[in-house]
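Both counts, for ligands and for their atoms, begin at 1 and track the order of listing. For clarity, every value in this text was computed on a predicted model and none was experimentally measured.
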Amino acid sequence: MTEASPMAGRDALEKPVKGLDVARIREDFPILAREVYGKPLVYLDNAATSQKPRQVIEALVRYYEHYNANIHRAIHCLGEEATAAYEEARAKVARFINAPSPECIVFTRNTTEAINLVTYTWGRANVGPDSEVLLTHLEHHSNIIPWQRLTAEKGASLRYIGLTEQQTLDLDGLENLMDARTRILGVTHVSNALGTINPVQKLAAEAHRNGAIVLVDGAQSVPHMPVDVQAMDCDFFAFSGHKMLGPTGVGVLYARPELLEEMEPFLGGGEMIKRVTLEDATWNDVPWKFEAGTPNIADVIGLGAAIDYLNDLGMENVRVHEMEITEYALRRIRQMEEVIIYGPPDSADRGGVISFNYPDLHPHDVGTVLDRHGVAIRAGHHCNQPLMRCLGVSGTARASFYVYNTLEEVDVLVDALGQARAFFSNDTN
Ligand code: PLP
């Protein structure tokens, strides 16, 4: 194992990395100034959730202090301001992923709810006993369980695209993967467990050639790279605000407008109706047909502020920065004897996620030692139990990077990994 360079105090964290002015960015994130067990926090659990800049926190405070009101119904100034801010956030989301209009954007609680919305509405109407749903071995549980439940209810079949030895999707014979029975392909844009970037545009073209539609899970792509749902030509696209500098409790479902028009509502109640009698009701226009009850107004507005922040950085720059950090981290971790790294070898083929293991150590043990060094990573199955089974492990340790991470923090990670190795090697019990 090579010697890791120790972190020379907080100044070392401020070194700019190509692509972004990280020192300036870090000043926007109050939490990054804190210590954990007396060590500077090195937050490398961004695939689970990101930290929030002051600009997002202030947008939430401003809403609650200045114009808190319910939306779409109040005949007063505060209600109008809140409605305008909420709908402006929808327009920002649409522009951010190049959706053709804000009406294609439905606010949900998170990616999970967005996918469940699709299985409960589109799925129940379009999947039957002769249908097949095609997923991949790289899916998060939130893009597996809703489809398992739907196909079990409908007596439909569920199939998965497997992996190559490089842990990319096995697309050999792509033209034979789908047929007329395939109703939908559900595929993650970027794997949260391995970082693998999937060729979603190519997969969407193949699905459409077979008359199937495509749902892309964008939870790990929208925060980290430019995304264009029209260029991708997907039919549904789901993601979460909390992984992209925004608050928890807000997610997004993008859908092609004609699909939203033909789909039944997901939840029933206020806001999603036009006219109600004692016997029946007619539905509101899209997207409000899918937003029953009082929505998460403050956090939607907070997501709008997060998008402003990311736009100011530039998503191309975000991607360049993460590739540089990932490349450096791959190089450093590869120099460590014993450590097994999962996922594609080249940083161009992966997002800012690195999963790894010491063959003889449980990832939870490694994560616990890292925590004592101030380094926050995720350890476990990452909500990808079937994938872990494919890899022949119960879990992995995972470091995931974002706009405020530095090369020096990678050094701290590597140093702490060496300490974990030493700690357990000395453990004679
Ligand atoms: N899909 C992927 C690829 C994810 O990484 C995650 C969360 O880690 C999800 C879906 C679920 O996101 P949420 O918990 O915000 O619904």
Visitor: Side chain, backbone, both or neither: which part of D217 comes within less than 4.0 Å of ligand 1 when only heavy atoms are counted?
Guide: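 D217 to ligand 1: side-chain contact only, backbone stays beyond 4.0 Å.
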Visitor: What residue and atom, counting heavy atoms only, is the protein's closest point to atom 16 (O) of ligand 1, and at what distance?
Guide: T112 OG1, 2.5 Å
Visitor: When you check the gap from the basic side-chain N to the acidic O, do R209 and E206 get nearer than 4.0 Å?
Guide: yes
Visitor: Relative to ligand 1, is H242 under 4.0 angstrom through side chain, backbone, both or neither, heavy atoms considered?
Guide: side chain
Visitor: Side chain or backbone, does T188 bring an N or O within less than 3.5 Å of an N or O on ligand 1?
Guide: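 By distance alone, the answer is no.
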Visitor: For the pair R332 and D411, find out whether any cationic side-chain nitrogen is under 4.0 Å from an anionic carboxylate oxygen.
Guide: yes
Visitor: So which atom in I377 and which in G367 form the shortest heavy-atom distance, rounded to 0.1 Å?
Guide: CD1-CA, 4.0 Å
Visitor: My understanding is that we take every heavy atom of each candidate and find the minimum distance to atom 13 (P) of ligand 1. Doing that for S221, S240, G251, A219, which one comes out nearest?
Guide: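 It is S240 that holds the nearest heavy atom.
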Visitor: Apply the test side chain to side chain donor-acceptor pair (under 3.5 Å) to residues T121 and E264: give CA-CA distance (whole Å), side-chain angles for both, the deciding distance (0.1 Å), then the verdict.
Guide: CA-CA 6 Å; T121 57; E264 282 295 306; over 6 Å; no
Visitor: I need the minimum non-hydrogen distance between I341 and R334, along with the two atoms involved.
Guide: CD1-CG, 3.7 Å
Visitor: Taking non-hydrogen atoms only, is T111 closer than 4.0 angstrom to ligand 1 via side chain, backbone, both or neither?
Guide: both
Visitor: Tell me the protein heavy atom at minimum distance from atom 4 (C) of ligand 1, and give that distance in Å.
Guide: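 Checked against all protein heavy atoms, atom 4 (C) of ligand 1 sits closest to H140 CD2, 3.3 Å.
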Visitor: Could you tell me whether D45 and R378 have a side-chain N and a carboxylate O separated by less than 4.0 Å?
Guide: no
Visitor: Which of the atoms in ligand 1, numbered in the order shown and given with their element, are less than 4.0 Å from a heavy-atom of Q220?
Guide: 3 (C), 4 (C), 5 (O), 8 (O)
Visitor: If the cut-off is 4.0 Å to any non-hydrogen atom of S142, which atoms of ligand 1 fall inside it?
Guide: 1 (N), 9 (C), 10 (C), 11 (C)
Visitor: Nearest protein heavy atom to atom 8 (O) of ligand 1, by residue and atom, and its distance?
Guide: K243 NZ, 2.6 Å
Visitor: Can R90 and E87 be counted as an ion pair, charged N to O under 4.0 angstrom?
Guide: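 Salt bridge present between R90 and E87.
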Visitor: Taking 4.0 Å as the limit for heavy-atom contacts, which would you say applies to H382 with ligand 1: side chain only, backbone only, both, or neither?
Guide: neither
Visitor: If only atom types and distance count, is the side chain of D228 paired as donor or acceptor with the main-chain N or O of A231 below 3.5 Å?
Guide: yes
